[in-house]
Amino acid sequence: MIEHSDGVRTPVIDASVHIFFPSNKDLRSFLREPFKSRGFPDYEMDWYGAPGGEYAPNTKGPDPRYPGSDPEFVAHELFSNRGVDVAVLHPMARGIMPDRHLGSALHAAHNEMMVSRWLESDDRFRGTIRVNPDDITGALREIEKWRGHPRVVQIGVPLQSRELYGKPQFWPLWEAAVDANLPVAAHIEVGSGIAYPPTPNGNTRTYEQYVSFMALNYVYHLMNMIAEGVFERFDGLKFVWGDGAADFLTPFIWRMDTFGRPHLEQTPWAPRIPSDYLPGHVYFVQGSLDGPGDAEFAGEWFSFTGKDDMVMFGSSYPHWQCGDIAKLPSALSAEQREKLCWRNAAELYGIDIAVDSGAQ
């Protein structure tokens, strides 16, 4: 729970906390042969390193260990120092591997680590089960294995995929997510294996350009999913875009409505106006890099296209841009602030926040 600048206190659900293995050696201890001896990218294998370092100061913990790898240290930082009540963990894996079986083994290892070390150590943690969209059979196996765990609240896929997520090869995965009653979260991957450039026209030169352009990739996925009728076919599917950019949604969906509706004969399987598929299906995690800042129109912009019902706070701890929930735009209404801080996430993930710790 935190106290805002006007003295009002609200609970906080951090919808994006990144967790890691302490080392590649430790990751290998969760693998079996033939995968244990295989090569795979390190977390730091990235063309675009953030100036000043990838992680926020004082996030390494004891030893010092790799940031985001020590459950006790992270719990103290989030729950004692940052006022977080519940944290949704997202294991950072290795993206799409050239060998889909190796990719599935790596995802399975991350899931085992998260459940055994994090979810079973503190009931304030909730978990994201990582699956490999390049191996639907393996992904379905992972969902079946973990869907019954009481603190698993969503399925995770990399934003950098080989194909757009509206295409039919992914439909069994979305169907399984609906059957398990678990949202799907797409997140920019670290330690990437096979990944397309962040723009349709190739790679950018600098990290700043990469961060700006990469979030646009969710637009390609989302528009494709709407046009392919994914949300019409799977009415219970809920998709979370874990790297923000909800501020892009309004102009792009306006454009899709303008061009899409007159050409309905081309997509009879998606008969509604495109923006009608957003409510109840589409969510965003918002951090410190999103939105217009503390501008006087921030609350009005937040309400356009119903974004205030779609956006959840996520710190991206322990990364450098680690968001501070206490620095929300002052122009947000009390209701918008409640939804962003905890209510949207509580409803999406089925997280009970006690009445006596609710907004006051």
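Every value quoted in this text rests on a predicted model; they were computed, and no experiment measured them. For the single chain, residues carry numbers from 1 onward in sequence order.
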Problem set entry | Partners meeting side chain to side chain donor-acceptor pair (under 3.5 Å) with Glu112 (sequence neighbours left out) |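 Lys145.
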Exercise. Please, which pairs that meet ring-ring contact (aromatic ring centres under 6.0 Å, His included) have at least one residue in residues 93-128, sequence neighbours excluded?
Worked result: Phe21-His110, Phe79-Phe125, Trp118-Phe125
Could you pull out all residues at least two apart from [X] that satisfy salt bridge (charged side-chain N to carboxylate O under 4.0 Å, His left out)?
X: Arg94; result: none
X: Lys36; result: none
X: Glu300; result: none
X: Asp243; result: none

Seminar exercise, completed: For Leu348 and Pro183, the nearest pair of non-hydrogen atoms, with its separation, is CD1-CG, 3.8 Å
Exercise. Are Tyr317 and Glu77 linked by a side-chain donor-acceptor pair shorter than 3.5 Å?
Worked result: no
Problem set entry | Donor-acceptor pair between Asn344 and Asp309 side chains, under 3.5 angstrom |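 The answer is no; no qualifying pair exists.
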For this session: May I have all residue pairs that pass side-chain hydrogen bond (donor to acceptor under 3.5 Å, both in side chains) and include part of residues 213-239, sequence neighbours excluded?
Result: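 Checked against side-chain hydrogen bond (donor to acceptor under 3.5 Å, both in side chains) - neighbours excluded - the pairs reaching residues 213-239 are Glu232-Tyr277.
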Restricting to pairs with a member in [range], which pass salt bridge (Lys or Arg N to Asp or Glu O under 4.0 Å), not counting sequence neighbours?
range: residues 164-187; answer: Arg147-Asp179, Glu163-Lys167
range: residues 114-125; answer: Asp26-Arg117, Asp122-Arg124
range: residues 149-158; answer: none
range: residues 195-211; answer: none

For this session: Tell me, please, which residues at least two apart from Glu54 pass side chain to side chain contact (heavy atoms under 4.5 Å, CB included).
Result: Glu44, Ala50, His319
Exercise. Taking the inter-plane angle between the rings of Phe304 and Trp301 on a 0 to 90° scale, is it parallel (under 30°), tilted (30 to 60°) or perpendicular (over 60°)?
Worked result: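 Ring orientation, 0 to 90° scale: perpendicular.
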Problem set entry | N-O pairing of Arg100 and Asp134 below 4.0 Å |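 Answer for the salt bridge query: no.
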Exercise. For Met1, does its backbone N or O pair with a side-chain atom of Arg9 as donor and acceptor, under 3.5 Å?
Worked result: no
